[in-house]
Amino acid sequence: MNIQHIPQIKHTDNGNFFLLAGPCAIEGEEMALRIAEKLVGITDKLQIPYVFKGSFKKANRSRIDSFSGIGDEKALKILRKVSETFHIPTVTDIHTNEDADMAAQYVDVLQIPAFLVRQTDLVVAAANTGKVVNLKKGQFMSPESMKHAVQKVLDCQNENVMVTDRGTMFGYQDMIVDFRGIPTMQQYASTVLDVTHSLQQPNQTAGVTGGRPDMIETVAKAGIAVGVDGIFIETHFDPANAKSDGANMLHLDYFEDLMTKLVAIRKTVNAF
């Protein structure tokens, strides 16, 4: 996939990685605009192609009393406002076939969650919108198996597809990134490393996911070093009180420092 096919994406001609970043879930308009403004400033300064990420709905929660959203249309309208305010593309998750057509009216990239990436009807529904499709690799899948998910999109005459690695299950309550999978999946599509979800620590007992945000820089640096095309990071100005996945998010205050380091590593990699 040529990232220039993503509407409104900027800074595509300098050899940088591209970035998908934002809060896990849209909690409200003020928070979304606040995070987007900060990230747009950083990515413009560092010349990083940027897509704002925010889930309009969190359908795959462990517990029924977990936050799932502020209302589908309300959240999608906020995503549209972010795009219109800052002239940037947006990406959101979808969970049902009906979500595909609805979300496609508001965002530029439709993301298939890792748990659902083998659902053929869902992948086809996303592909048939003509939007860019981001396929999260299932935690239970090998890198090689993602070629079949990519092919489903291509068979719908949609070549705008990317793959995102978000780690592989390691035991019952941990994730691990197998960096050998990045060049493997790059044979099929542009490949992104989801740094923050790769550091989740699912807690089946309490039903509240933990994480290792202290390892975000380590995993992100490694991804850039092995040549990943894009980086995915969830961030928030108050992770401790975020309504979803706060335990593994990067604090917004640390974002520019990390991006500066990753851009420097990318320049070094590009020299070889």
Asks: Do Leu193 and Thr164 come close enough that some side-chain heavy atom pair is under 4.5 Å?
Replies: no
Asks: Check for a donor-acceptor pair, side chain of Thr191 on one end and backbone N or O of Gln186 on the other, with a separation under 3.5 Å.
Replies: yes
Asks: Look only at the side chain of Ser190 and the backbone of Asp229, and say whether a donor-acceptor pair between them is shorter than 3.5 Å.
Replies: no
Asks: For Val109, run the side-chain contact (heavy atoms from CB on, under 4.5 Å) check against Val91, Val133, Thr92 and tell me which one passes.
Replies: Val91
Asks: Could you tell me how the ring of Phe52 sits relative to the ring of Tyr50: parallel (under 30°), tilted (30 to 60°) or perpendicular (over 60°)?
Replies: perpendicular
Asks: Please report the interatomic distance CZ(Phe140) to OG(Ser145), rounded to the nearest 0.5 Å.
Replies: 8.5 Å
Asks: Examine Leu250 and Ile26 and state if one hydrophobic cluster contains both, with Ile, Leu, Val, Met, Phe, Trp and Tyr joined whenever side-chain heavy atoms are less than 4.5 Å apart.
Replies: yes
Asks: Thr235 vs Leu39, test: side chain to side chain contact (heavy atoms under 4.5 Å, CB included). Steps then yes/no.
Replies: CA-CA 10 Å; Thr235 184; Leu39 295 179; 3.9 Å; yes
Asks: Would Thr12 and Gln4 count as having a side-chain donor-acceptor pair, cut-off 3.5 Å?
Replies: yes
Asks: Nearest heavy-atom pair of Ser198 and Asp165: which atoms, and what distance?
Replies: OG-O, 4.1 Å
Asks: According to a hydrophobic-cluster definition based on side-chain heavy atoms being under 4.5 Å apart (Ile, Leu, Val, Met, Phe, Trp, Tyr only), do Phe170 and Val177 belong together?
Replies: no
Asks: Group every Ile, Leu, Val, Met, Phe, Trp and Tyr by side-chain heavy-atom contacts under 4.5 Å, then state whether Val228 and Ile233 land in the same group.
Replies: yes
Asks: Which residues pass the salt bridge (Lys or Arg N to Asp or Glu O under 4.0 Å) test with Lys74, sequence neighbours left out?
Replies: none
Asks: Without placing hydrogens or testing angles, list every side-chain donor-acceptor pair under 3.5 Å for residues 112-127, not counting sequence neighbours.
Replies:
{"residue": "Thr120", "atom": "OG1", "partner": "Lys152", "partner atom": "NZ", "Å": "2.8"}

Asks: Any chance CD of Glu73 has more than 12 other-residue heavy atoms, nucleotides or ligands included, within less than 6.0 Å?
Replies: no
Asks: Could you check whether any side-chain heavy atom of Ile78 comes within less than 4.5 Å of a side-chain heavy atom of Phe56, counting everything from C-beta outward?
Replies: no
Asks: Could you tell me the separation between the NZ atom of Lys243 and the CG atom of Asp238, rounded to the nearest 0.5 Å?
Replies: 10.5 Å
Asks: Do Arg266 side-chain atoms and Ile224 backbone N/O form a donor-acceptor pair below 3.5 Å?
Replies: no
Asks: Applying side-chain hydrogen bond (donor to acceptor under 3.5 Å, both in side chains) to Asp178 and Thr168, what does each step give before you reach the verdict?
Replies: CA-CA 8 Å; Asp178 181 353; Thr168 302; over 6 Å; no
Asks: Ignoring hydrogens and angles, tell me if any N or O in the side chain of Arg80 forms a donor-acceptor pair with the backbone of Gln105 under 3.5 Å.
Replies: yes
Asks: With the side chain counted from C-beta on, respond yes when His11 and Ile3 share a heavy-atom pair under 4.5 Å apart, and no when they do not.
Replies: no
Asks: Would you please name every residue forming a side-chain contact (heavy atoms from CB on, under 4.5 Å) with Thr129, sequence neighbours left out?
Replies: Ala100, Asp101, Ala104, Leu110, Lys131
Asks: Kindly check if the number of other-residue, nucleotide or ligand heavy atoms within 6.0 Å of CD (Gln187) is above 12?
Replies: yes
Asks: Taking Lys58's backbone N and O only, do any of them form a donor-acceptor pair with Ser55's side chain (distance below 3.5 Å, no angle check)?
Replies: no
Asks: Evaluate Val192 against Val163 for side chain to side chain contact (heavy atoms under 4.5 Å, CB included), listing each step before the verdict.
Replies: CA-CA 6 Å; Val192 179; Val163 173; over 6 Å; no
Asks: I'd like a table of donor-acceptor pairs (distance under 3.5 Å, sequence neighbours excluded) in which one partner is a side-chain atom from residues 16-25, with atom names and distances.
Replies:
{"residue": "Asn16", "atom": "ND2", "partner": "Leu46", "partner atom": "O", "Å": "3.3"}
{"residue": "Asn16", "atom": "ND2", "partner": "Gln47", "partner atom": "O", "Å": "3.2"}

Asks: How long is the straight-line distance from NZ of Lys221 back to CD1 of Ile231, given to the nearest 0.5 Å?
Replies: 12.5 Å
Asks: CG/Leu135 to OH/Tyr188 distance, rounded to the nearest 0.5 angstrom?
Replies: 13.5 Å
Asks: Check whether any side-chain N or O of His251 sits under 3.5 Å from a backbone N or O of Phe237 as a donor-acceptor pair, and report yes or no.
Replies: yes
Asks: Whether Arg166 engages the ring of Phe232 as a cation-pi pair (distance to the six-membered ring centre under 6.0 angstrom, angle to the ring normal within 45°) should be assessed.
Replies: no
Asks: Got a sec, which residues hit salt bridge (Lys or Arg N to Asp or Glu O under 4.0 Å) with Glu144, two or more places apart in sequence or on another chain?
Replies: none
Asks: Which heavy-atom pair separates Cys156 from Asn128 by the least distance, and what is that distance?
Replies: CB-OD1, 3.5 Å
Asks: With the threshold set at 4.0 Å, does a side-chain nitrogen-carboxylate oxygen contact exist between Lys10 and Asp44?
Replies: no
Asks: Judged by modelled atom types alone, do His197 and Asp194 share a side-chain donor-acceptor pair under 3.5 Å?
Replies: yes
Asks: Would you mind reporting whether Leu33 and Glu37 have side-chain heavy atoms less than 4.5 Å apart?
Replies: no
Asks: Has the side chain of Asn248 got a donor or acceptor atom that lies under 3.5 Å from a matching backbone atom of Thr196?
Replies: yes
Asks: How long is the gap from CE on Met141 to CE on Met169, to the nearest 0.5 Å?
Replies: 15.0 Å
Asks: Report yes if some heavy atom in the side chain of Gln8 is under 4.5 Å from a heavy atom in the side chain of Ile88; otherwise report no.
Replies: no
Asks: Ignoring hydrogens and angles, tell me if any N or O in the side chain of Thr96 forms a donor-acceptor pair with the backbone of Ile94 under 3.5 Å.
Replies: no
Asks: Looking at Thr90 and Tyr106, what are the two nearest heavy atoms and their distance?
Replies: OG1-O, 4.0 Å
Asks: For residues His236 and Glu27, determine if any side-chain heavy atom of one lies less than 4.5 Å from a side-chain heavy atom of the other.
Replies: yes
Asks: Answer yes or no: are there more than 12 heavy-atom neighbours, outside Gln151 itself, under 6.0 Å from its atom CD?
Replies: yes
Asks: Tell me, do Ile35 and Lys38 make a side-chain contact under 4.5 Å, heavy atoms counted?
Replies: no
Asks: Would you compute the distance between atom CE of Met162 and atom CE of Met1 and round it to the nearest 0.5 angstrom?
Replies: 4.0 Å
Asks: Taking salt bridge (Lys or Arg N to Asp or Glu O under 4.0 Å) as the definition, give me every residue that meets it alongside Asp72, ordered by chain and number, with sequence neighbours left out.
Replies: Lys57
Asks: For side chain to side chain contact (heavy atoms under 4.5 Å, CB included), just list the numbers for Phe179 and Ile182, CA-CA rounded to whole Å, side-chain angles, deciding distance to a tenth of an Å, and then say yes or no.
Replies: CA-CA 6 Å; Phe179 288 97; Ile182 290 173; 3.8 Å; yes
Asks: Apply the test side chain to side chain contact (heavy atoms under 4.5 Å, CB included) to residues Val51 and Asp108: give CA-CA distance (whole Å), side-chain angles for both, the deciding distance (0.1 Å), then the verdict.
Replies: CA-CA 9 Å; Val51 182; Asp108 304 290; over 6 Å; no
Asks: When you compare the side chain of Asn158 with that of Leu154, does any pair of heavy atoms fall below 4.5 Å?
Replies: no
Asks: Check whether any side-chain N or O of Gln139 sits under 3.5 Å from a backbone N or O of Gly167 as a donor-acceptor pair, and report yes or no.
Replies: no
